[in-house]
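This structure is a prediction, so every number in the text was calculated from the model and none was measured. Note: hydrogens, waters and symmetry copies are ignored here, and every other heavy atom, side chains too, is used. The sequence lines fix the lettering, A, B, ..., with proteins before strands; numbering per chain opens at 1.
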Protein chains: 2
Amino acid sequence: MGDEDGRVDGRTERGRRRRAEIIEATLAVVTRDGAGGVTHRTVAKEAGIPTSLSVYYFATLDDLLVAALSSVADVYTARVREIIDHRDDKLRGLAELLHESAGPGRERALAERELSTLAARRPALRPVARGWRESVAELAAAVTDEPEAVAAVVAASEGLCTALLLDAEPAPVEHVHGVLARAAGLRAAPTEGAGRGR
Amino acid sequence: MGDEDGRVDGRTERGRRRRAEIIEATLAVVTRDGAGGVTHRTVAKEAGIPTSLSVYYFATLDDLLVAALSSVADVYTARVREIIDHRDDKLRGLAELLHESAGPGRERALAERELSTLAARRPALRPVARGWRESVAELAAAVTDEPEAVAAVVAASEGLCTALLLDAEPAPVEHVHGVLARAAGLRAAPTEGAGRGR
DNA sequence: GTTCTATTTGTACTAACGTTCAAGAAATCC
DNA sequence: GGATTTCTTGAACGTTAGTACAAATAGAAC
């Protein structure tokens, strides 16, 4: 705010784009080699820039990792919010989002897990990592009133994501949805075979 | 095996102890600095031995990490099995075990998470990381017959552990137990209306 | 044009890394 | 005793890490 005229400083504007590029390159490195593979040099090489430019934007490696995790978390949070706002069957939407972790979204989910593991050790990252869980809790609160059910949905989401990342064969969406529904307390009896639920 | 006489080679015996010492030192380093802090040098310094001795027992860093994760996973698996065999209220036992992650067992749980995150990237570690989930599944199978409920308990366990590690204030055991029971289908209101909540 | 700020680059420094290796000490075997 | 296997050590190899810094470029302000 403050620059109601369309004029922007082309230098800082370019800087913003560079920053985003570097974060993107960082996520690519995390995806390929894990958080341990993130160095100023590897990130710079991934982005096709000199090492010192990466240092210019992120003075320490920690800054870089914090920014990368925040970026991933923001995307996930936004998607959950989209489900909350524009989706009717919210649990189904969450199930589909989680299920992506086994397929096209696997790399992102892996990066997110790598970085949120760092969060347990670095206090600066903790609020960011908690944000994801809070947005899932918000979604769950739209489905059930019981606080314990909300906690169960959040916990199940975490665990399902882990399972999807670690298991060889991906679980079907119906399974993910079923577990979430059960955690929410919406399901009493198991649907043997192909259930035409509700 | 094969040495039914009490005689053992004092050399290999000492070697076994050294191996265990190095693994213990590795876990201490993982606890303090994370998996990224594990180097032959840091581990050796932690154990009070020269670097080359760490290399003698674990030729590569990967060997060292695999051994460390296996060690942690074995302990957890054994504890779960103990609950399965000698405990009446198995879900309560699991809840108490998980709850330790917020207190005295926090370091171990952190190390376990650090290392199982590695498992998503290194196939050699995957069976080890899966072993923990399978033992929890076995416990859950003793509580419920429905496969989906078993999956829900496993997922909830993972998520609860994450929450206990990341949250500032530890959740009470009752809460952990409640979430597990709900995932197992022991607590959920069957359908809205029929359930008197508890 | 000049001046100022933001961005970009190449280079260089110290420290730590994984790993190798030859030689020494300890236990066992003959 | 000597021969052999196992464990232990210190030093060194080449590589890569984080970081610093001065010079160069690009855009904005004047």
Side-chain angles (χ1 to χ4, degrees), chain A residues 2-26 28-30 32-68 114 118 121-122 124, chain B residues 1-26 28-30 32-68 118 121-122 124:
Chain A
D3 51 277
E4 57 282 350
D5 53 352
R7 294 178 54 87
V8 285
D9 192 325
R11 299 170 295 181
T12 60
E13 173 55 28
R14 193 158 51 128
R16 248 193 300 277
R17 267 180 292 154
R18 265 277 192 262
R19 224 183 117 90
E21 278 178 37
I22 295 173
I23 288 178
E24 204 58 39
T26 303
V29 172
V30 172
R32 176 163 26 87
D33 304 323
V38 173
T39 73
H40 276 134
R41 283 182 163 80
T42 56
V43 167
K45 182 172 294 182
E46 177 77 28
I49 56 174
T51 305
S52 39
L53 191 53
S54 173
V55 180
Y56 174 76
Y57 283 98
F58 302 97
T60 77
L61 270 191
D62 233 69
D63 293 341
L64 188 51
L65 288 169
V66 170
E114 286 269 359
L118 283 180
R121 205 172 306 282
R122 317 201 190 190
Chain B
M1 62 175 65
D3 50 278
E4 56 283 348
D5 53 352
R7 296 176 52 85
V8 286
D9 192 325
R11 297 171 297 182
T12 60
E13 172 57 27
R14 192 157 50 126
R16 247 191 301 277
R17 267 180 293 152
R18 265 277 191 263
R19 223 184 117 90
E21 278 178 37
I22 295 173
I23 288 178
E24 205 57 39
T26 304
V29 172
V30 173
R32 176 162 29 86
D33 303 323
V38 174
T39 73
H40 275 136
R41 283 180 164 83
T42 55
V43 168
K45 181 170 297 182
E46 177 77 28
I49 56 174
T51 305
S52 41
L53 191 53
S54 171
V55 180
Y56 174 77
Y57 284 98
F58 303 95
T60 76
L61 269 189
D62 233 71
D63 293 341
L64 187 53
L65 288 168
V66 170
L118 282 181
R121 206 172 306 282
R122 315 201 192 192

Side-chain contact, heavy-atom cut-off 4.5 Å: [X] with [Y]?
{"X": "B/Phe58", "Y": "B/Val66", "result": "no"}
{"X": "A/Glu13", "Y": "A/Arg17", "result": "yes"}
{"X": "A/Val43", "Y": "A/Leu64", "result": "yes"}

| message | Tell me if the side-chain of B/Thr51 makes a donor-acceptor pair with the base of C/dG18, cut-off 3.5 Å, by modelled atom types. | response | no

| query | Within the modelled atom types, does a donor on one side and an acceptor on the other bring the side chain of A/Arg14 and the base of D/dG27 under 3.5 Å apart? | reply | no

Between [atom2] on [N] and [atom1] on [X], what's the gap in Å once rounded to a whole number?
{"X": "A/Leu53", "N": "D/dA20", "atom1": "CG", "atom2": "P", "answer": "16 Å"}
{"X": "B/Phe58", "N": "C/dC17", "atom1": "CZ", "atom2": "C1'", "answer": "19 Å"}
{"X": "B/Leu61", "N": "D/dT16", "atom1": "CG", "atom2": "P", "answer": "16 Å"}
{"X": "B/Asp63", "N": "C/dT19", "atom1": "CG", "atom2": "P", "answer": "9 Å"}
{"X": "A/Glu21", "N": "C/dT7", "atom1": "CD", "atom2": "C1'", "answer": "13 Å"}
{"X": "A/Leu65", "N": "D/dG18", "atom1": "CG", "atom2": "P", "answer": "10 Å"}
{"X": "B/Ile49", "N": "C/dA25", "atom1": "CD1", "atom2": "P", "answer": "19 Å"}
{"X": "B/His40", "N": "C/dA15", "atom1": "NE2", "atom2": "P", "answer": "23 Å"}

| query | Hey, is the main chain of A/Ala35 close enough, under 3.5 Å, to the side chain of A/Glu114 for a donor-acceptor pair? | reply | yes

| query | Distance check: side-chain N/O of A/Thr12 vs OP1/OP2 of C/dA6, anything under 4.0 Å? | reply | no

| So does B/Tyr56 get a side-chain nitrogen or oxygen closer than 4.0 Å to the phosphate oxygens (OP1/OP2) of D/dT8? | no

| query | Out of C/dT20, C/dC17, D/dT19, which has the shortest distance to the side chain of B/Thr42? | reply | C/dC17

| said: Looking only at the side chain of B/Tyr57 (C-beta and beyond, no hydrogens), which of the listed nucleotides C/dG18, D/dC7, C/dG10 gets closest? | reply: D/dC7

| query | With sugar-phosphate meaning primed atoms plus P, OP1 and OP2, does B/Arg18 contact a base, only sugar-phosphate, or nothing at under 4.0 Å between heavy atoms? | reply | sugar-phosphate

| task | For A/Ser52, report the nucleic acid contact type (base, sugar-phosphate, nothing); a contact means any heavy atom under 4.0 Å. | result | base

| query | Start at the 5' end of DNA chain C and walk down; is the nucleotide closest to A/Gly48 or to A/Arg41 reached first? | reply | A/Gly48

| field | Nearest non-hydrogen partners of B/Ile22 and B/Ser54, listed with the distance | value | CD1-CA, 4.1 Å

